[in-house]
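All values below come from the heavy atoms of this structure, side chains included, with hydrogens, waters and symmetry mates left out.
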Amino acid sequence: MPHRAPGSPARGPRQYLSGRPITYYRPTGDPAVRHLIQHGFQAFNAGRLSEACEIFAGKMLAPKNNTTIGLTIAGAMTPAGLGGCVNEMMERGLVDFVISTGANLYHDLHYALNFTLHRGSPFLDDVELYEQGVIRIYDVLFPATVLLETDAYIRDFLTRSGMDGPVSTSEFHYRLGQDLLKRRPGCDEYSVVARAAKLGVPIYTSSPGDSSIGMNVAWHELMNGSKLMIDPNLDVNEVCAIILAGKKNGCVILGGGSPKNFYLQGQPTLWEVYGIPKGGNEFFIQITTDQVVWGGLSGATPSEAVSWGKVNPGVLPDTVVAYCDSTIAFPLFCEYAVGSENGTRKRKELYHQRAALVADLRKQGTAARKKRKK
């Protein structure tokens, strides 16, 4: 680590990295957890989480509804090992597409590349960590070499991928996942990016420049003269096309931020811009620690989202916000869903349908424009 000070010989990285490895947790549908949520979580935010579980398992997953379900992810979920929950949900067809911060996908690659992240403490001396070449994400610790080697893999992938034009983030992540599957067989057990590519689940990033993946894409353009461009227009249209094609639409939102609003803007894009009266989401579940009064709850509450056409006004009883830490609530939520009567659905494999879905969006948008002109 030539760009870092050597540090004190009395305290080295090994001391800080002695905590248990963080593994990708996979829910199994534990009956005891389901019993706790059904009978023990009765009021306040425990009650809201129980309500969210019941709406998801009993209504969103009901075969008669054939709901297209989007999962949005903000906050450090993959560093905490919760990518395993996402993998299980995708494997069972309980999540049809994902919108995530780029950071979650970048840190997911550490697991795919067989690097180890360790349990630690949030109360360490960060100057000392810096001197010893240790990175801290709250209480998750790992050597800085993990970043350098993950970056090197991304740059090598960019060079050998041959991508040299505008692509959507779904295509970029699919190609990245396919590369991981080829070069690291079996890594999809520990990687959301690789598992999504294997299952045909599209993954989008609402702010592709806001992560180490985007940093390396920028390097590829500047240093290699690449014409590869992450085109947000392609993402917007693909997500809108997926929503338009859904018989019913529902979302599970972890945290909030850009991924949340990027999903929820799909319905206003359809009616406000394309003139297609699709209507809003039929189901809305959010797990967050933010509050609407501070202005950071992007996309706001379900009731406020009604005024934007993001949520259908008649379905507010099928919407819920549980104010809880996602690293606590999401594994419980997944245990409940996996163990439910509707705990497995046929996968939609929407990644492979993108071209046809966007073509239908163009067709309906063209018809709506002609109608407006008349």
### Query
So does Tyr190 have more than 12 non-hydrogen atoms from other groups sitting under 6.0 Å from OH?
no
### Task
Would you give the length of the straight line joining atom CD1 of Ile99 to atom CG of Leu71, rounded to the nearest 0.5 angstrom?
9.0 Å
### Query
Is any side-chain N of the basic residue among Arg184 and Asp179 closer than 4.0 Å to the acidic one's carboxylate O?
no
### Task
If the plane angle is over 60° it's perpendicular, under 30° parallel, otherwise tilted; pick one for Tyr204 and Phe97.
perpendicular
### Task
Please name all residues satisfying ring-ring contact (aromatic ring centres under 6.0 Å, His included) with Phe283, sequence neighbours left out, ordered by chain then number.
none
### Task
Quick one: sort the Phe333 and Phe330 rings into parallel, tilted or perpendicular, breaks at 30° and 60°.
parallel
### Task
Just jot down the side-chain contact (heavy atoms from CB on, under 4.5 Å) partners of Pro331, sequence neighbours excluded, or say none.
Tyr25, Leu82, Cys85
### Message
A side-chain contact here means heavy atoms from C-beta on lying under 4.5 Å apart; do Ile135 and Leu141 qualify?
### Response
no
### From Arg195, Arg345, Arg26, Lys198, residue fulfilling salt bridge (charged side-chain N to carboxylate O under 4.0 Å, His left out) relative to Glu91
Arg195
### Query
Considering the options Leu158, Asp235, Asp231, which one meets the side-chain contact (heavy atoms from CB on, under 4.5 Å) requirement together with Phe172?
Leu158
### Query
Does any non-hydrogen side-chain atom of Phe115 lie less than 4.5 Å from one of Glu149?
yes
### Message
Would Lys59 and Asp318 count as a salt bridge (Lys or Arg N to Asp or Glu O under 4.0 Å) here? Give the steps.
### Response
CA-CA 8 Å; Lys59 295 183 178 181; Asp318 293 331; 2.6 Å; yes
### Message
Quick check: do Leu105 and Thr78 have side-chain heavy atoms less than 4.5 Å from each other?
### Response
no
Show me the side-chain donor-acceptor pairs of residues 350-358 shorter than 3.5 Å, one per line, residues at least two apart or across chains.
from   : atom 1 : to     : atom 2 : distance (Å)
Tyr351 : OH     : Arg354 : NH2    : 3.3
Gln353 : NE2    : Lys348 : O      : 2.6
Arg354 : NE     : Tyr351 : O      : 2.9
Arg354 : NH1    : Ser168 : OG     : 3.4
Arg354 : NH1    : Ser170 : OG     : 3.2
Arg354 : NH1    : Glu238 : OE2    : 2.9

### Query
Any ion pair linking Asp139 and Arg119 (charged N to carboxylate O, less than 4.0 Å)?
no
### Query
Residues in side-chain contact (heavy atoms from CB on, under 4.5 Å) with Ser121, at least two apart?
Phe123, Leu124
### Message
If I compare all heavy atoms of Thr169 with all of Pro208, which pair ends up nearest, and what's the gap?
### Response
CG2-CB, 4.1 Å
### Query
Got a sec, which residues hit side-chain contact (heavy atoms from CB on, under 4.5 Å) with Leu36, two or more places apart in sequence or on another chain?
Phe41
### Side chain to side chain, Asn281 and Leu264, heavy atoms closer than 4.5 Å
yes
### Task
Indicate yes or no: at least one non-hydrogen side-chain atom of Glu189 is less than 4.5 angstrom from one of Tyr24.
no
### Summary
d(Arg34 CZ, Asp30 CG) to nearest 0.5 Å is 10.5 Å
#### Entry: Listed partners of His118 passing ring-ring contact (aromatic ring centres under 6.0 Å, His included), at least two apart
none
### Ring centroid separation Tyr106 to His110 under 6.0 Å
yes
### Query
When you look at CZ of Arg20, are more than 12 heavy atoms from neighbouring residues, nucleotides or ligands closer to it than 6.0 Å?
no
### Message
Nearest 0.5 angstrom please: Leu228 CG to Ser161 OG, how far?
### Response
6.5 Å
### Message
Run the salt bridge (Lys or Arg N to Asp or Glu O under 4.0 Å) test on Arg347 and Asp96 for me, step by step, so that the C-alpha distance in whole Å, both residues' side-chain angles and the decisive distance to 0.1 Å come before the verdict.
### Response
CA-CA 7 Å; Arg347 292 191 294 270; Asp96 299 310; over 6 Å; no
### Query
Can you check whether Val86 reaches Asp108 side chain to side chain, under 4.5 Å on heavy atoms?
no
### Query
Heavy atoms, side chains only, cut-off 4.5 Å: are Phe56 and Val320 in contact?
no
